[in-house]
J.: 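Have a look at this one.
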Amino acid sequence: MTVRTSLIAASVCIFLSAPAFAGNLTYSDNRGVWAATHCMKPQVPGKLSSNSEERANNLNAQIQERNTFVAAAQQYMECIKKEAEQDATAASYLVTQTAQKMIAEMQQEIMQTSVPMTSGQTADK
């Protein structure tokens with residue numbers, strides 16, 4: 001297999017194994033902003049009643065609504081953590097693979113500019 005064929009094969013492998021990103025990364029004014037795309041932020045319930053005359057059934061329902069919200073918020077935060085970790089891993093892989101590809105391309109350019117030496121020839125001739 002020639003060097004060129006090897007490079008083409010490696011490029012195809014890199015392209016086909018490119019990581020998938022879960023969130024969105026955008027840049028504006030030289031600032032990066034990451035946003036999760038697979039996590040649903042729960043609706044924040046109203047504040048618990050501070051009325052001392054509130055009926056017990058109403059307070060119990062409000063507390064249950066708050067407990068449901070807290071559980072959903074914990075799931076949301078875990079989802080964000082996992083999505084962020086996946087994207088960080090994918091980004092690291094992408095940067096590494098791209099750097100390796102650039103290095104391989106530069107090595108190929110160096111090889112293309114070298115002059116093959118024949119038997120008995122020395123570099124200083």
Side-chain angles (χ1 to χ4, degrees):
M1 187 183 294
T2 67
V3 174
R4 182 171 187 216
T5 305
S6 296
L7 285 175
I8 291 171
S11 297
V12 168
C13 288
I14 289 170
F15 177 74
L16 293 177
S17 64
F21 290 92
N24 288 329
L25 183 61
T26 56
Y27 289 94
S28 177
D29 298 326
N30 292 324
R31 293 179 138 174
V33 176
W34 178 84
T37 57
H38 294 99
C39 305
M40 300 264 303
K41 185 175 180 179
Q43 183 76 21
V44 178
K47 291 184 178 183
L48 292 175
S49 176
S50 61
N51 182 355
S52 61
E53 300 297 318
E54 188 74 42
R55 294 183 56 182
N57 287 345
N58 290 344
L59 285 175
N60 287 339
Q62 289 178 6
I63 289 171
Q64 181 57 43
E65 183 180 13
R66 183 184 181 287
N67 290 342
T68 300
F69 165 72
V70 169
Q74 289 171 334
Q75 289 175 345
Y76 172 70
M77 291 183 287
E78 186 63 28
C79 178
I80 288 177
K81 177 184 171 194
K82 286 180 182 177
E83 194 169 323
E85 287 172 350
Q86 288 172 347
D87 282 353
T89 299
S92 176
Y93 176 80
L94 180 63
V95 168
T96 301
Q97 291 302 312
T98 302
Q100 289 174 349
K101 180 181 177 228
M102 293 168 70
I103 290 167
E105 288 171 353
M106 182 53 64
Q107 289 172 335
Q108 179 62 27
E109 289 179 25
I110 291 169
M111 293 299 291
Q112 289 174 348
T113 61
S114 66
V115 177
M117 297 177 81
T118 59
S119 154
Q121 205 177 15
T122 62
D124 57 349
K125 282 189 176 181

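What's counted below: heavy atoms across the whole structure, side chains too, no hydrogens, waters or symmetry copies.
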J.: Just wondering, more than 12 heavy atoms not from Gln112 lying within 6.0 Å of its CD?
T.: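 Check passes, neighbour count above 12.
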J.: By side chain to side chain contact (heavy atoms under 4.5 Å, CB included), which residues pair with Ser114, not counting sequence neighbours?
T.: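 Partners of Ser114 under the side chain to side chain contact (heavy atoms under 4.5 Å, CB included) test: none.
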J.: Sequence neighbours left out, what pairs pass side-chain hydrogen bond (donor to acceptor under 3.5 Å, both in side chains) with at least one residue falling in residues 60-70?
T.: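 Residue pairs passing side-chain hydrogen bond (donor to acceptor under 3.5 Å, both in side chains), neighbours aside: Gln64-Thr68.
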J.: I'd like to check the side chain to side chain contact (heavy atoms under 4.5 Å, CB included) partners of Asn58; sequence neighbours left out, ordered by chain and number.
T.: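 Partners of Asn58 under the side chain to side chain contact (heavy atoms under 4.5 Å, CB included) test: Glu54, Arg55.
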J.: Just by modelled atom types, is the Glu85 backbone N or O under 3.5 Å from a matching donor or acceptor in the Thr89 side chain?
T.: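 Yes.
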J.: For residues 62-114, pull every pair meeting disulfide (SG to SG under 2.5 Å), keeping only residues two or more places apart or in separate chains.
T.: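 Counting only pairs at least two positions apart or across chains, the disulfide (SG to SG under 2.5 Å) contacts touching residues 62-114 are Cys39-Cys79.
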J.: Going from CD on Gln75 to CE on Met77, what distance comes out if it is rounded to the nearest 0.5 angstrom?
T.: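 Going from the CD atom of Gln75 to the CE atom of Met77 covers 10.5 Å.
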J.: Do you know which two heavy atoms are closest between Pro42 and Ala72, and how far apart they sit?
T.: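 Answer, listing the atom of Pro42 first, then Ala72: CB-CB, 3.7 Å.
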J.: Using side chain to side chain contact (heavy atoms under 4.5 Å, CB included) as the criterion, list what pairs up with Glu78, not counting sequence neighbours.
T.: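 With neighbours one apart ignored, the set is Lys81, Lys82.
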J.: Which hydrophobic side chains are connected to Val70, either touching it within the sub-4.5 Å cutoff or through other members that do?
T.: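 Traced through the cluster, Val70 reaches Val44, Phe69.
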J.: Restricting to non-hydrogen atoms, name the atom on His38 and the atom on Glu83 that form the minimum distance, rounded to 0.1 Å.
T.: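 Looks like N-OE1, 3.0 Å.
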J.: Do Leu48 and Leu59 touch side chain to side chain, with heavy atoms closer than 4.5 Å?
T.: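 No, side chains not in contact.
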